[in-house]
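Below: the structure, in structure tokens.
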There are 2 protein chains.
Amino acid sequence: MKNTLSSTFAGANREYVASLAKGLAVIRCFDHQHTEMTLSEVARLANLTRATARRFLHTLHQLGYMESDGKLYWLTPKVLDLGYSYLASQPLIERVQPYTKELCDAIGESCSVSVLDFPDVVYVARTLSHQIMSVSLNVGARLPAVTTSMGRVLLAARGDEEIDELLAKVSVERFTKHTLVEPAQIKGEIQMARKKGYAICNQELEIGLRSLAVPIRNRQGKAVAAINVSSQPLKVSESKLLKEILPQLREAARKISDAL
Amino acid sequence: MKNTLSSTFAGANREYVASLAKGLAVIRCFDHQHTEMTLSEVARLANLTRATARRFLHTLHQLGYMESDGKLYWLTPKVLDLGYSYLASQPLIERVQPYTKELCDAIGESCSVSVLDFPDVVYVARTLSHQIMSVSLNVGARLPAVTTSMGRVLLAARGDEEIDELLAKVSVERFTKHTLVEPAQIKGEIQMARKKGYAICNQELEIGLRSLAVPIRNRQGKAVAAINVSSQPLKVSESKLLKEILPQLREAARKISDAL
DNA sequence: GCAAAAAAGTTCGCCATCCGAACTTTGCCC
DNA sequence: GGGCAAAGTTCGGATGGCGAACTTTTTTGC
């Protein structure tokens, strides 16, 4: 196979700089299973020749993004600066933390803010309540949009046609017995979210986890992010969720909108 | 001036890929003052010709890191994936959140974890307590190592000679009237931190903010990160900080070390 | 409101940059 | 300890990316 990052594939044109794509691929091949790697391992994972991987590792090292003992290479905290460029460039994200904190304290449940990057939602802020969830998601973590309350309220802002197109091109993973996998069912949930202004996702991602989300709108009324509350069905009833928690969630979303 | 990213400067050698450096510079020129920019603005900020900036913006767009309306360009959430590569590649960071949460709940004060990337410390996890601080720092945020409790305990792990070298090459900003700016004084604080196993930074960054930090050590005993507690001098006395909070902070650091 | 000028955006010939085949070095197995 | 496979490095040459020059858009001045 030809390298998928070379200009023969991704952008067979003169406006595409293949070296940038390769360099980013080198950064991205590090993860929790690959915390430090040899040149050859990087080459294999990033689909580059060893010579090419070497040039990029050396470049990243000279730029301060990569550290090495001469044999193994690993990422430095400077890599966070790249993600920070995005966080800093979104005024919403910079200011949202106090509101999630306030909401979390008021209702005693974990609270998150995410944006849509189809087919995922991406967490941009979190405040955890007391109980430690089985998964602790960092800022930047992704979950499938169609299987989350936040994803559904964000998709609700799109037109029905666009929703059909988007749903057509994702394969939905069945996380639990409750997970909706039929496009028609999911579309129904999204339309319900549009009508009611909120979405509930009941144990579709994980048994024992129910989340409620509402959109955060900018000055133009566009849904730019979503805020949610995660709770346990056994601890918080659905009626309590809608009667007590939903108004507070809406209030938090409104406050954030006003601050934009 | 010649472009500082071209091979004539940063790496005048055949192991340096200038295009990668330029592409990363394009990402990094976005921040809270530059949330969306035209091609020419990017060219100016990243020190590139317009033609070059154009190629990189188009490349980032094709790769999904950049969005555009044809006139303005802005970063997409996919940029967070880059930073996430670093977070995921550090087992420490992936697991630290529950411990900062637990500590924060136990003592009722904000609690953070950071790593050293001299001349800064970089926040990798935070749990805020009730009172909202004047600054809400995201993951990836940086503060000068020499003016923070976490920076000082992390520097304490280095040799005296290395500390002298490091201190010689930073200029220390005087944030408040309490900020230590003399290298000799700072070195004294670092040596004290080494001796006692903790560091206190009393209102040197901001009036009304006192922090206490201890190192987090890996299995080999190396200080790989620091954990701290921020409190208000008027609310928590120094003796309470040392008698009640320090032992809990040490316990949290030990638990994190054990989990590594 | 229109012309002139300046700034922004785009094209394309050329050559420095980056590619990868070939070579050297390392380390593993019997 | 010698042979072999895998990792790491080099360097001649093709080609990807550079930027001067061009076109288009926006601003300025009257």
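We name chains A, B, ... by the order of the sequence lines, and we start the count at 1 in each one. None of the values given here were measured: they were computed from a predicted structure. Just so you know, these numbers use all the heavy atoms, side chains as well, and skip hydrogens, waters and symmetry mates.
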Pick the nucleotide of DNA chain D nearest each of A/V17 and B/E15; which residue has the one closer to the 5' end? B/E15

On DNA chain D, more 5' by nearest nucleotide between A/L20 and A/Y73 is A/Y73

Is the phosphate of [N], meaning OP1 or OP2, less than 4.0 Å from a side-chain N or O of [X]?
X: A/R54; N: C/dC19; value: no
X: A/K22; N: C/dC18; value: no
X: B/R55; N: D/dC18; value: yes
X: B/S19; N: D/dG16; value: no
X: A/K71; N: D/dA7; value: no

Taking for each residue the nucleotide of DNA chain C bearing the nearest heavy atom, is the 5' side occupied by B/E41 or by A/T52? B/E41

Atom pair distance, as rounded to whole Å: [atom1] in [X] and [atom2] in [N]:
X: A/F56; N: D/dG16; atom1: CZ; atom2: C1'; result: 12 Å
X: B/Y16; N: D/dT10; atom1: OH; atom2: C1'; result: 21 Å
X: B/L48; N: D/dG17; atom1: CG; atom2: C1'; result: 12 Å

Side-chain donor-acceptor contact under 3.5 Å, A/S19 with B/S19: no

If you measure only the distance, is there a donor-acceptor pair under 3.5 Å linking the side chains of A/S257 and A/R254? no

Distance-only donor-acceptor pairs under 3.5 Å for side chains of residues 143-150 of chain A, two or more places apart:
{"residue": "A/T148", "atom": "OG1", "partner": "A/P144", "partner atom": "O", "Å": "3.4"}
{"residue": "A/T148", "atom": "OG1", "partner": "A/A145", "partner atom": "O", "Å": "3.0"}
{"residue": "A/T148", "atom": "OG1", "partner": "A/G151", "partner atom": "N", "Å": "3.1"}
{"residue": "A/S149", "atom": "OG", "partner": "A/S211", "partner atom": "OG", "Å": "2.9"}

Is a salt bridge present between B/K78 and A/D117, judged by a nitrogen-to-oxygen distance below 4.0 Å? no

With distance as the sole criterion, do the side chain of A/R50 and the base of D/dG8 form a donor-acceptor contact below 3.5 Å? yes

